[in-house]
Amino acid sequence: MKFKTRELSLQNLIGFSLSLEPKEDFFERLSKDSKVFKIQMIENGFYTDGPIFYQYNPQKEEQDVLVFTTVGNKLELRGENRSNIFFQESLDLITDFYYRHYDQEEPIPYDEIEEKISTSGYKLINIIHVILDLYGDKVIDLYCEVEKIK
């Protein structure tokens with residue numbers, strides 16, 4: 001496994017959070033909820049121009065996972081937001097710990113990723129996963145958000 005330096009810069013993010021229980025099948029749940037979310041965005045007149053992203057740290061037992069995509073224009077939220085849907089103007093991340101996972105038959109090597117980050121003197125905070133469809137195959141780009149160990 002070799003990491004690269006990459007920048008992730010996104011505008012006009014819209015998404016939702018979902019809570020995962022330990023041992024819940026993350027990818028099955030994510031796939032189902034993401035499809036429903038994209039359909040809801042389209043049915044409500046939003047043009048979603050990006051892939052599905054999700055942010056979480058696979059090393060945590062229980063957590064809220066952020067699932068989001070980008071829309072073609074800025075949203076103006078009015079009133080109090082009483083749903084779990086959020087809007088964020090931008091997300092910018094530069095990381096030295098970017099990894100592209102090609103083989104969907106193999107699990108993502110999270111333990112190896114965490115070990116390499118740790119031996120480099122950093123702590124894994126979150127991973128932003130970008131699900132890409134390249135010529136009919138699913139590829140997952142992983143942008144690791146880290147902090148220096150003191």
Side-chain angles (χ1 to χ4, degrees), residues 1-44 46-75 84-149:
M1 166 186 298
K2 186 173 180 178
F3 287 117
K4 295 180 180 179
T5 300
R6 287 283 194 272
E7 178 178 3
L8 180 63
S9 183
L10 304 169
Q11 301 296 315
N12 302 322
L13 289 74
I14 189 166
F16 65 97
S17 63
L18 59 92
S19 296
L20 293 177
E21 300 297 322
K23 304 187 193 254
E24 186 172 3
D25 186 333
F26 174 76
F27 291 103
E28 183 178 312
R29 170 90 186 266
L30 176 73
S31 177
K32 180 184 76 168
D33 289 350
S34 297
K35 286 177 187 174
V36 169
F37 176 65
K38 272 213 156 180
I39 289 168
Q40 287 176 338
M41 292 294 99
I42 292 168
E43 287 175 348
N44 285 294
F46 294 101
Y47 171 68
T48 59
D49 60 352
I52 291 289
F53 303 84
Y54 55 101
Q55 178 179 347
Y56 85 115
N57 183 337
Q59 303 302 333
K60 293 181 181 176
E61 272 291 308
E62 295 179 37
Q63 62 183 301
D64 287 333
V65 176
L66 294 181
V67 179
F68 54 95
T69 189
T70 55
V71 291
N73 55 332
K74 183 178 175 181
L75 299 177
N84 70 338
I85 294 177
F86 70 89
F87 176 75
Q88 185 174 325
E89 273 190 47
S90 65
L91 174 100
D92 294 296
L93 174 69
I94 297 174
T95 184
D96 292 328
F97 299 99
Y98 161 86
Y99 169 72
R100 175 168 277 178
H101 184 70
Y102 290 100
D103 189 352
Q104 293 305 294
E105 300 300 316
E106 293 293 321
I108 295 172
Y110 289 121
D111 291 336
E112 187 178 345
I113 289 170
E114 175 130 32
E115 182 181 320
K116 284 195 162 219
I117 288 171
S118 179
T119 58
S120 297
Y122 292 88
K123 175 184 172 187
L124 178 64
I125 303 301
N126 272 311
I127 300 176
I128 298 174
H129 300 67
V130 183
I131 302 172
L132 302 171
D133 186 351
L134 296 179
Y135 309 109
D137 290 328
K138 296 286 187 229
V139 174
I140 300 176
D141 284 353
L142 297 112
Y143 293 83
C144 300
E145 181 183 357
V146 299
E147 69 181 22
K148 186 80 170 159
I149 296 173

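Computation of the quantities below employed the complete heavy-atom set of this structure, encompassing side-chain atoms and omitting hydrogens, waters and symmetry-equivalent molecules.
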For D92, the salt bridge (charged side-chain N to carboxylate O under 4.0 Å, His left out) test, sequence neighbours excluded, returns none

Side-chain contact test, heavy atoms from C-beta onward, threshold under 4.5 Å: evaluate it for P51 versus L132 and give yes or no.
yes

Mind checking the CG-OH spacing from L18 to Y56? Nearest 0.5 Å is all I need.
11.0 Å

According to the salt bridge (Lys or Arg N to Asp or Glu O under 4.0 Å) rule, which pairs have a member within residues 117-127, sequence neighbours left out?
none

Interatomic distance, L8 atom CG to L10 atom CG [nearest 0.5 angstrom]:
4.0 Å

Side-chain polar contacts of residues 139-147 - donor-acceptor pairs under 3.5 angstrom, sequence neighbours left out - could you list them?
| from | atom 1 | to | atom 2 | distance (Å) |
| --- | --- | --- | --- | --- |
| D141 | OD1 | Y98 | OH | 3.0 |
| D141 | OD1 | R100 | NE | 2.5 |
| D141 | OD1 | R100 | NH2 | 3.2 |
| D141 | OD2 | Y98 | OH | 3.3 |
| D141 | OD2 | R100 | NH2 | 2.9 |

Answer yes or no: does atom CD of E89 have more than 12 heavy-atom neighbours from other residues, nucleotides or ligands under 6.0 Å?
no

Whether the side chain of K116 engages the backbone of F3 through a donor-acceptor N/O pair (distance < 3.5 Å, no angle test) should be reported.
no

For F97, is there any backbone N or O sitting under 3.5 Å from a side-chain donor or acceptor partner on T95?
yes

Please indicate whether K148 has more than 12 foreign heavy atoms, meaning atoms of other residues, nucleotides or ligands, lying under 6.0 Å from its NZ.
yes

The criterion is side chain to side chain donor-acceptor pair (under 3.5 Å); which residues satisfy it with D96, sequence neighbours excluded?
T5

Supply the atom-to-atom distance L66 CG to F86 CZ, rounded to the nearest 0.5 angstrom.
5.0 Å

The test is side chain to side chain contact (heavy atoms under 4.5 Å, CB included); show your working for I127 and I108 and say whether it passes.
CA-CA 12 Å; I127 300 176; I108 295 172; over 6 Å; no

Between T70 and Q11, does a side chain to side chain contact (heavy atoms under 4.5 Å, CB included) hold up when you go through it step by step?
CA-CA 7 Å; T70 55; Q11 301 296 315; over 6 Å; no

At their closest point, which heavy atom of L13 faces which heavy atom of F87, and how far apart are they?
O-CD1, 3.0 Å

dist Y54:OH -> I128:CD1 (nearest 0.5 Å) comes out at 12.0 Å

Under the salt bridge (charged side-chain N to carboxylate O under 4.0 Å, His left out) test, residues paired with E106 that sit two or more places apart
none

By side chain to side chain donor-acceptor pair (under 3.5 Å), Q55 pairs with (sequence neighbours left out) none

Before you tell me yes or no, could you show the steps for I14 and T69 under side chain to side chain contact (heavy atoms under 4.5 Å, CB included), namely the whole-Å CA-CA distance, both residues' side-chain angles and the distance that decides it to 0.1 Å?
CA-CA 6 Å; I14 189 166; T69 189; 4.2 Å; yes

Angle class for the F16/F37 ring planes (parallel below 30°, perpendicular above 60°, tilted otherwise)?
tilted

